[in-house]
Every structure is written in C-alpha cells, then in structure tokens.
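Please read all numbers here as calculations on a predicted model, not as lab measurements.
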Amino acid sequence: MATGRKMETLGDLQRFKESMLANVDRLTPYEESRVRFGGLVGEAQERNREQAALTAAKQEASRKFAEALREAQRLATVLRFAIKEHFGPDSEKLVEFGLRPFRGKTRTKKEVPVPEAPAPAAPPAE
C-alpha cells in the first residue's frame, strides 16, 4: 500500500477531481485538461490498488518461502541422523553429505608443571 503521504495526495487529487466534475459547466475552457486529469487520477488509483495487491502477494510468497525453508530444515535434520545411522558415525562417506565423521577425541599433552624458583633468602641480620 502507498505511504501515508502518497495516500493523502491521492485523496486531495480525488477531491479536486470531484469538485471539477461538479462545476463542469463553468470550466468548459478547460474540458480537455479536466478529462486528462481525471484519467491520470484514475490511473493513480488503479496503480495504488495494483501495488496493494502485489504487496499482499509478496507477503504471502515470503510466508510460504519461510515455511518451506523451515520444513526443509526439519527434514534435513532427520535425514542427517538417518544417514549417520546408515553409514555409521565414523564413516568417511559422511563427508559427501557435509557431515563430519567421528574420528575420536584428540588428546592434548598434559603440561608438566614447572617448579617455581625459590625466592632468594634474605641475608642474615647482623
């Protein structure tokens, strides 16, 4: 739908068109322009309706797209588990499906604590 400002302008133009139509007998010198103006206002109204319909269609298409993505993600999750079950969790074949095979836990070397150097002894007091 058109923005508030555009709708306000369209409403003003519609009222002006109706005022001109009510005084058509007094505006005969401007008849050609009045008819053209009326056609342009009508076209603007039609484009506004078209825009509103397209906006609604776009919103519906966006909703359907998001719904399809959600469903596809859910099914992909189920299929990933099924593929891991089928080939085994450590099969390298999983890489073809974008899954990481279980390759074991990597061990980190334990750090041997380094003893701290003893603090120098205080000189004996004399």
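- For E60, the CD atom counts as densely surrounded, since its 6.0 Å shell holds more than 12 non-hydrogen atoms of other residues, nucleotides or ligands.
- Contacts of E50 classified as salt bridge (charged side-chain N to carboxylate O under 4.0 Å, His left out), with partners at least two apart in sequence or in another chain: R47.
- Pairs of residues two or more places apart, or lying in two chains, never qualify as salt bridge (charged side-chain N to carboxylate O under 4.0 Å, His left out) while including a residue from residues 17-27.
- Sorted by first and then second residue, the ring-ring contact (aromatic ring centres under 6.0 Å, His included) pairs involving residues 46-68 (not counting sequence neighbours) form an empty list.
- Under the ring-ring contact (aromatic ring centres under 6.0 Å, His included) criterion, the residue pairs touching residues 30-57 are F16-F37, with sequence neighbours excluded.
- Comment: K64 does not engage E67 in a salt bridge, judged by the lack of any side-chain N to carboxylate O separation of less than 4.0 angstrom.
- The side chain to side chain donor-acceptor pair (under 3.5 Å) pairs that include a residue from residues 36-46 are Q14-Q45, E46-R49, where partners are two or more places apart or lie in different chains.
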Atom pairs and distances, donor-acceptor, side-chain atoms in residues 76-97, under 3.5 Å, two or more places apart:
{"residue": "T77", "atom": "OG1", "partner": "Q73", "partner atom": "O", "Å": "3.0"}
{"residue": "S91", "atom": "OG", "partner": "K93", "partner atom": "N", "Å": "3.1"}
{"residue": "E92", "atom": "OE1", "partner": "R103", "partner atom": "NH2", "Å": "2.9"}
{"residue": "E92", "atom": "OE2", "partner": "R103", "partner atom": "NE", "Å": "3.2"}
{"residue": "K93", "atom": "NZ", "partner": "E96", "partner atom": "OE1", "Å": "3.3"}
{"residue": "K93", "atom": "NZ", "partner": "E96", "partner atom": "OE2", "Å": "2.8"}

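- By the rule that hydrophobic residues join a cluster once side-chain heavy atoms approach within less than 4.5 Å of another member, L27 and L40 end up as members of separate clusters.
- How far CZ of R15 is from OG of S19: 9.0 Å, rounded to the nearest 0.5 Å.
- Taken to the nearest 0.5 Å, the CE atom of M7 stands 4.5 Å off from the CG atom of N48.
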